[in-house]
There are 2 protein chains.
Amino acid sequence: MTQTSLAPDTARAASTDAIRVAVSTVIFTVRRDPGDGSGRLMMPLVRRTREPYECLWALPGGWLDAGEGLDAAASRTLAETTGLTPSYLEQLYAFGDVDRSPTRVVSIVYWALLRADDVDAQRAAHEAAGDAPENVAWFDANAPGTLAFDHNEIVSYALWRLRNKVGYSRIAHGLLSDLFTLADLREVYEAILDRRLDPANFRRQVENSGNLIPTDRFRTGSHRPARLYRYNQDVELADRGPLSDSEPADIQPSSPETSTS
Amino acid sequence: MTQTSLAPDTARAASTDAIRVAVSTVIFTVRRDPGDGSGRLMMPLVRRTREPYECLWALPGGWLDAGEGLDAAASRTLAETTGLTPSYLEQLYAFGDVDRSPTRVVSIVYWALLRADDVDAQRAAHEAAGDAPENVAWFDANAPGTLAFDHNEIVSYALWRLRNKVGYSRIAHGLLSDLFTLADLREVYEAILDRRLDPANFRRQVENSGNLIPTDRFRTGSHRPARLYRYNQDVELADRGPLSDSEPADIQPSSPETSTS
DNA sequence: ACAAAAGTGTTCGTCCTACACCCATGC
DNA sequence: GCATGGGTGTAGGACGAACACTTTTGT
């Protein structure tokens with residue numbers, strides 16, 4: 001599944017019982033709602049241009065190449081289909097039910113985070129280069145509508161994992177730019193957890209966690225200026241267990257080749 | 001920081017070799033040490049009978065069949081290679097580095113738990129039926145020696161996950177029989193976490209968790225009799241997220257055939 | 001009687017939560 | 001001045017760690 005608009009021509013056509021391996025990614029970002037000004041968790045999806053599930057929206061992804069690892073395949077297919085390069089990438093789960101696709105496909109699914117300022121920057125870069133990806137649209141991660149394959153279930157699982165992990169790791173920082181106020185950070189937490197947090201208690205929690213380095217800069221413009229903070233780079237972005245040293249999920253820019261057609 | 005040690009396109013192998021999908025399982029049980037009487041975390045491994053890594057010990061597993069789901073494949077290959085049927089089974093991670101095997105193999109790895117009383121019972125049943133699995137031996141999960149492929153790394157990750165999960169779910173119960181004392185349960189926790197726990201505080205914690213139902217039976221034989229407890233079956237064995245309702249990792253007996261992939 | 005495990009009680013420190021309150025800026 | 005978000009202080013409750021203590025058995 002999840003061959004988005006990517007060419008599956010390379011796949012051997014005949015053998016019906018071959019098990020193919022695909023890689024897909026659930027990628028989140030937080031965008032400020034123009035309405036009430038609160039942050040909303042958003043997700044880019046790709047419209048399918050062929051059967052099965054033609055015209056339905058699906059997770060970005062593609063086939064695993066014989067010469068690339070799983071992490072690399074996730075980065076590559078994500079860039080090819082959406083033009084985006086995430087700030088954080090982690091494997092989510094392998095989905096392999098027999099009936100999840102008309103042909104037998106095992107999907108290694110990743111989940112990723114994208115910094116708010118990167119969304120527009122990367123899109124603008126693609127616009128300028130004339131290689132803007134087509135068939136990509138942004139959806140409310142909490143209500144993406146009916147998706148292709150078992151992708152609704154996958155998105156639910158990714159959301160569950162994100163909400164869990166925000167409680168015991170620093171992944172929320174993967175959604176912010178280098179400098180941010182505590183209100184920015186709290187907005188991300190509130191978008192993920194979908195509930196309001198006490199500003200006073202939130203401040204103390206993140207200050208005591210030792211992850212934040214206060215700068216001497218402030219953001220002005222409304223009311224009392226708010227201090228800007230930076231991440232402590234010594235601390236891991238997220239707890240990934242003993243696998244964290246093997247491949248730290250740092251993404252290389254990986255020149256996105258125009259291929260969405 | 002943008003450079004990740006990824007195989008460049010020059011390394012993309014000549015033939016478009018098919019990517020094969022394997023399923024392996026890290027299975028844990030707690031056995032009482034004959035020496036000091038404390039519980040020890042043990043793990044069955046299978047000796048490889050062919051290249052690569054011939055004669056080295058490896059995780060039980062096998063190839064994914066075209067007509068079976070991932071969970072079913074994990075149960076089947078585990079039974080085929082070790083003759084064991086676990087009490088708990090959950091997907092761990094998908095390993096797919098290009099160089100983790102001479103041929104390109106993506107391994108969907110599961111981890112499983114086995115009740116202490118099931119180990120001997122299942123082994124005795126196989127002895128009687130004359131289909132006792134060969135090339136299977138039990139190892140200390142904390143020091144299994146040098147294993148085939150990347151299986152040392154996989155075992156480390158499974159141990160990390162087990163130690164984490166024992167803190168916020170009831171998986172320890174997957175290692176005990178139906179009736180058990182609080183000392184039995186504590187012994188399991190101590191074997192997993194590899195440290196001693198205060199009996200008094202441990203008692204209150206598990207009693208307040210609502211997972212235990214006290215029976216009116218006691219275990220006698222040494223010192224003051226200890227009350228026997230039973231699990232509250234209404235509570236999930238482990239927190240599996242939104243996937244828990246899809247396939248609750250309950251194992252069907254699935255006739256075990258002796259083999260060693 | 002004694003040892004040892006089962007089980008209870010109490011104290012202390014830490015962390016989260018709610019909420020009152022002060023501070024600094026734009027208007 | 002006044003509204004608003006930034007930032008501090010503080011009291012109360014939940015919970016875990018440490019440990020003293022009582023209970024009940026086998027020997």
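Predicted model only: the values in this text are computed from it and were never measured.
Within residues 165-177 of chain B, no residue has a heavy atom under 4.0 Å from DNA chain C.
In this structure, B/Phe202 atom CZ and C/dA5 atom C1' are separated by 15 Å, rounded to whole Å. Atom pair A/Arg204:CZ and D/dT8:P shows a separation of 9 Å (rounding to whole Å applied). Atom CD in A/Glu207 sits roughly 11 Å away from atom C1' in D/dG6 (whole-Å rounding). To the nearest angstrom, P of C/dC16 lies 12 Å from OH of A/Tyr189. Spacing between atom CG of A/Asp184 and atom P of D/dG7 amounts to 11 Å, rounded to whole angstrom units. The distance from atom CZ of B/Arg196 to atom P of D/dA18 is 14 Å, rounded to the nearest whole Å. The interatomic distance linking B/Arg203 (CZ) with C/dG9 (C1') rounds to 13 Å, in whole Å. Going from atom CG of A/Asn208 over to atom C1' of D/dT8 covers 13 Å, rounded to whole Å.
OP1 and OP2 of C/dC23 both lie 4.0 Å or more from every side-chain N or O belonging to A/Arg224. Not one side-chain nitrogen or oxygen of B/Ser222 sits closer than 4.0 Å to the OP1 or OP2 atom of D/dT25. A/Arg186 has a side-chain polar atom (N or O) that falls below the 4.0 Å cut-off from OP1 or OP2 of D/dG6.
Using modelled atom types and a 3.5 Å distance limit, the side chains of A/Asn201 and A/Arg204 yield a donor-acceptor pair.
Nucleic acid contact for B/Ala183: sugar-phosphate only, since backbone atoms but no base atoms lie under 4.0 Å from a heavy atom of the residue. Looking at heavy-atom distances under 4.0 Å, B/Thr220 makes contact with sugar-phosphate atoms alone, never a base. Counting any heavy atom pair closer than 4.0 Å across all strands shown, A/Arg227 reaches sugar-phosphate atoms only and no base atom.
Between A/Gly221 and B/Asn201, the residue whose closest nucleotide on DNA chain C is further toward the 5' end is B/Asn201. Toward the 5' end of DNA chain C, the nearer of the two residues A/Gln205 and A/His223, judged by each one's closest nucleotide, is A/Gln205.
At most 12 non-hydrogen atoms from other residues, nucleotides or ligands lie less than 6.0 angstrom from CZ of A/Arg217.
A parallel orientation is assigned to the rings of A/Tyr231 and A/His173, their planes being inclined by less than 30° (bins at 30° and 60°).
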* Test salt bridge (Lys or Arg N to Asp or Glu O under 4.0 Å) on B/Asp178 and B/Arg230 and set out the steps. => CA-CA 6 Å; B/Asp178 285 347; B/Arg230 183 198 317 282; over 6 Å; no
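No side-chain heavy atom of A/Leu212 sits under 4.5 Å from any side-chain heavy atom of A/Asn232.
The side chain of A/Pro225 lies closest to C/dT25 when the candidates are D/dT10, C/dT25, C/dT10.
Remark: A/Arg219 engages A/Asp184 in a salt bridge, criterion side-chain N to carboxylate O under 4.0 Å. Between B/Glu127 and B/Arg123 there is no salt bridge, since no side-chain nitrogen of the basic residue lies less than 4.0 Å from a carboxylate oxygen of the acidic one.
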